[in-house]
Amino acid sequence: MNKWQEEDLKYIWHPCSQMKDYEGFPPIIIDHAKGINLYDIDGKCYKDVVSSWWCNLLGHCNSRISNAIKKQLDSLEHVIFANFSHKTAITLCQKLMDKIPKGLCKFNFADNGSSSIEMALKMSFQYHKQTGNPQKIRFMAMTEAYHGETLAALAVGDCDLYTKLYKPLLLDIIRIDKPDCYRCPYCKHYKTCNAECFERTEKAFKEFGNETAAMIVEPLLQGSAGMKMYSPVYLKKLRALCDEYNVHLIADEIATGYGRTGKMFAFDWAGVSPDIMCVSKGLTGGYMPMSIAITTQEIYDAFYSDYLEGKAFMHSHTYAGNPLGCSAAIEVLNILDDENIIENANKKAPIFNNMIKEKFSKLPYVGDIRDLGLINAIELVKDTKTKESFDGKLRLGYQIYKKALDKGVLLRPLGDVIYFNPPLIIDEEDMEYVTDVAVSCAKEVLNI
Ligand SMILES: *Cc1c(COP(=O)(O)O)cnc(C)c1O
């Protein structure tokens, strides 16, 4: 352990970690970064194929984003956002209007993903209260969903690892069985199916639609559940059902937005719009903590009245609309356009996917290989015929993670699912390298 690691462990309680694991595996102290490369204080390089928790969209230390923030820093670093505004936030909204699903047009800022989820839930609840439906006080969400870790965001989520312990504190959510595409009970494939599993959702709406304010989804990709993917047809059907029951559709595009799925937003694949869309992560390219809950004129109007009627949305975050975050977010949009980032990522996606299939598909224990945009996931199972999963006790993902770090690749699998979610600028040479390392580490851990 070096001196910095000792000092780190003296003071820092790291997120989502059993700190005892750090005894034999101390934190890697990163000194600087460029593109997809992280460099530690000894100069060792790590390929960041998880985009540093899925937020780094265009590589680390992108000079255009850095310069945009520096320029902003010299004119305005922050200002109260109630009654005050600034050109950078306004410009960002103008630019986003060309990119977001139709009908979304009002932007409410916060500073992290979970906060934007909290905001969306409160907004929906209050909307119904103020439009004559005070009985709509519940939320629907999918099994194995992930929407963040503040209490209401945690409540709509359903990953046991994060949620189970806190159940006594959480809202009572109407839970809808997620599309289970690898183990599809209808024996279909999510790229060609007609979302046959939607009938379960219809049943839930029949029973609970009247008391429900909103249904929240991670569109097309349940990230933390293990990069589980499902059909855009599901979203299309869900839009129609939500309309029928006057239930808001909240899109958690925090992980899927900004080209990760091959289109600007995952909802674009379905050709329908949500009522509230939460964005964060890719929003600033992963440079500054910022999020936005974007909603419709209709929802906005339900809060618009004389102050003493008490209909305003009395919700605030100190750093709402932070100019540094907005300056980064504008430059991200400029880069996406100027450098055809999403188009180019879509050209690379089949190459990456073929590489992964070639290297992994013949291995024992590989149950499923799935992809969406540049996101690729490999699900390891005990028995590929029955699809019986390993129980997490072997900590296969964690073992692979440690081995890959040794070889200079930051993979961080989810349970028994190895995945890649690299910055969209990754090149072919790096794709070869990281998939070679991943496959050799998987073989070592699985003794094959
Ligand atoms: C990361 C994430 C969140 C939470 O965002 P934080 O900034 O970590 O609070 C919510 N939903 C999804 C889908 C995410 O990937």
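Along the sequence shown, the residues carry numbers beginning at 1.
- Contact record, V247 with T212: CG2-O, 3.6 Å, taken as the closest heavy-atom pair.
- Listed for the Y162 side chain is no donor-acceptor partner under 3.5 Å among the backbone atoms of G157.
- For the residue pair S273 and R239, no side-chain donor N or O sits within less than 3.5 Å of a side-chain acceptor on the partner.
- Salt-bridge check for D158 with K164: failed, with every basic side-chain N at 4.0 Å or more from each acidic carboxylate O.
- The distance from the CG atom of L38 to the NZ atom of K44 is 12.0 Å, given to the nearest 0.5 Å.
- Under a 3.5 Å cut-off, the side chain of S115 and the backbone N or O of D111 do not form any donor-acceptor pair.
- K359 and T435 share a side-chain donor-acceptor pair at under 3.5 Å.
- In K129, the NZ atom is not crowded: 12 or fewer heavy atoms of neighbouring residues, nucleotides or ligands sit closer than 6.0 Å.
- In this pair, H317 and H315 present their aromatic rings perpendicular. The plane angle is above 60°, beyond the 30 to 60° band.
- Judged by distance alone, the side chains of T256 and E253 do bring a donor and an acceptor atom under 3.5 Å apart.
- Closest non-hydrogen pair, M19 versus H14, comes out as SD-N, 3.4 Å.
- Side-chain contact, Y22 with Q5: no donor N or O sits under 3.5 Å from an acceptor N or O.
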Stepwise, does the side chain to side chain donor-acceptor pair (under 3.5 Å) test hold for D301 with Q297?
CA-CA 6 Å; D301 284 344; Q297 186 73 41; 3.0 Å; yes
Using side-chain contact (heavy atoms from CB on, under 4.5 Å), reason through N421 and V50 one step at a time and then give a plain yes or no.
CA-CA 5 Å; N421 188 7; V50 296; 5.5 Å; no
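- Here K281 contributes atom NZ and M290 contributes atom CE; the two are 15.0 Å apart, rounded to the nearest 0.5 Å.
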Check the pair M123 / N108 against side-chain contact (heavy atoms from CB on, under 4.5 Å), numbers first and verdict last.
CA-CA 10 Å; M123 224 179 241; N108 205 324; 3.8 Å; yes
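- Cation-pi check for K402 over F25 is met; the charged atom lies under 6.0 angstrom from the ring centroid and within 45 degrees of its normal.
- The nearest pair of heavy atoms linking L9 to M1 is CD1-SD, 3.8 Å.
- Under the 3.5 Å distance criterion, the side-chain polar atoms of N344 are left unmatched by any main-chain donor or acceptor of I425.
- In terms of heavy-atom proximity, S51 sits nearest to P423 at OG-N, 3.0 Å.
- The backbone N or O of N62 sits less than 3.5 Å from a side-chain atom of Y287, completing a donor-acceptor pair.
- Two residues are said to be in side-chain contact when any heavy atoms from C-beta on lie closer than 4.5 Å; S327 and I330 fail this criterion.
- Of all the heavy atoms in T296 and K106, the pair that sits closest is O-CG, 4.2 Å.
- The nearest pair of heavy atoms linking S291 to L283 is CA-CD2, 3.8 Å.
- No side-chain donor-acceptor contact under 3.5 Å links S63 and N67.
- For the pair Q18 (side chain) and K20 (backbone), a donor-acceptor distance under 3.5 Å is present.
- Between T295 and Y300, the side chains place no donor N or O within less than 3.5 Å of an acceptor N or O (distance only, hydrogens not considered).
- Within the 4.5 Å cutoff, no side-chain heavy atoms of V381 are placed close to those of Y365.
- Inter-residue side-chain proximity for L92 and L96 is flagged as met; some heavy-atom pair is nearer than 4.5 Å.
- Within the 4.5 Å cutoff, the side chain of T261 has no heavy atoms near those of the D268 side chain.
- To the nearest 0.5 angstrom, I378 atom CD1 is 6.0 Å from I369 atom CD1.
- Counting heavy atoms from C-beta on, the side chains of L336 and M264 come closer than 4.5 Å.
- Using a cut-off of 4.0 Å between Lys/Arg side-chain N and Asp/Glu carboxylate O, E144 and K228 are scored as salt-bridged.
- Between the side chains of N37 and H60, no donor-acceptor pair is found at a separation under 3.5 Å.
- If you check the side chains of E331 and N334, you find a donor sitting under 3.5 Å from an acceptor.
- Side chain to side chain, N353 and K357 meet the donor-acceptor criterion of an N or O pair below 3.5 Å.
- One finds a salt bridge joining R64 and D338 here, because a Lys/Arg side-chain nitrogen approaches an Asp/Glu carboxylate oxygen to under 4.0 Å.
- Classification of D21 and R395 as a salt-bridged pair holds, one side-chain N sitting under 4.0 Å from a carboxylate O.
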Assess whether side-chain contact (heavy atoms from CB on, under 4.5 Å) is satisfied between M355 and D436, documenting all intermediate values.
CA-CA 9 Å; M355 252 179 223; D436 279 343; over 6 Å; no
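- Ring geometry for F352 versus F420: interplanar angle over 60°, hence perpendicular rather than tilted (30 to 60°).
- Residues D416 and E379 form no side-chain contact, since every pair of their non-hydrogen atoms from C-beta on lies 4.5 Å or further apart.
- For the residue pair E118/T150, the side-chain donor-acceptor check at 3.5 Å is satisfied.
- For the atom pair NE2 (H248) and OG (S124), the distance works out to 5.0 Å, reported to the nearest 0.5 Å.
- Using a 4.5 Å heavy-atom cutoff, the side chains of Y419 and N376 are not in contact.
- Using a cutoff of 4.0 Å between basic side-chain nitrogens and carboxylate oxygens, D368 and R370 are scored as salt-bridged.
- Taking the six-membered ring for Trp and the full ring otherwise, F265 and Y258 have centroids separated by under 6.0 Å.
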Would Y234 and Y190 count as a ring-ring contact (aromatic ring centres under 6.0 Å, His included) if you check the C-alpha gap in whole Å, the side-chain angles of each, and the deciding distance to 0.1 Å?
CA-CA 10 Å; Y234 187 98; Y190 71 94; over 10 Å; no
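- Separation of atoms SG (C441) and NZ (K407) is listed at 4.0 Å; rounding is to 0.5 Å.
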Walk me through whether I254 and S116 qualify under side-chain contact (heavy atoms from CB on, under 4.5 Å).
CA-CA 9 Å; I254 293 166; S116 69; 3.9 Å; yes
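- A salt bridge links K10 with E7: the closest approach of a Lys/Arg side-chain nitrogen to an acidic carboxylate oxygen falls below 4.0 angstrom.
- Looking at Q126, its side chain does come within 3.5 Å of a backbone N or O of K311 through a donor-acceptor pair.
- The ring pair (Phe, Tyr, Trp, His ring centres under 6.0 Å) check on Y319 picks up H78, with sequence neighbours excluded.
- Taking 4.5 Å as the limit, every side-chain heavy atom of I174 sits out of range of all side-chain heavy atoms of F139.
- In this structure, the side chain of D427 engages the main chain of D430 through a donor-acceptor pair within 3.5 Å.
- Not one N or O on the side chain of R412 forms a donor-acceptor pair closer than 3.5 Å with the backbone of Y401.
- One finds the SG atom of C61 at 8.5 Å from the NE2 atom of H32 (value rounded to the nearest 0.5 Å).
- Applying the 6.0 Å contact sphere to NZ of K34 captures more than 12 heavy atoms from other residues, nucleotides or ligands.
- In the model, N354 has no side-chain atom that pairs as donor or acceptor with a side-chain atom of E358 under 3.5 Å.
- In terms of the ring pair (Phe, Tyr, Trp, His ring centres under 6.0 Å) criterion, residue partners of F303 (sequence neighbours excluded) are, by chain and number, F313.
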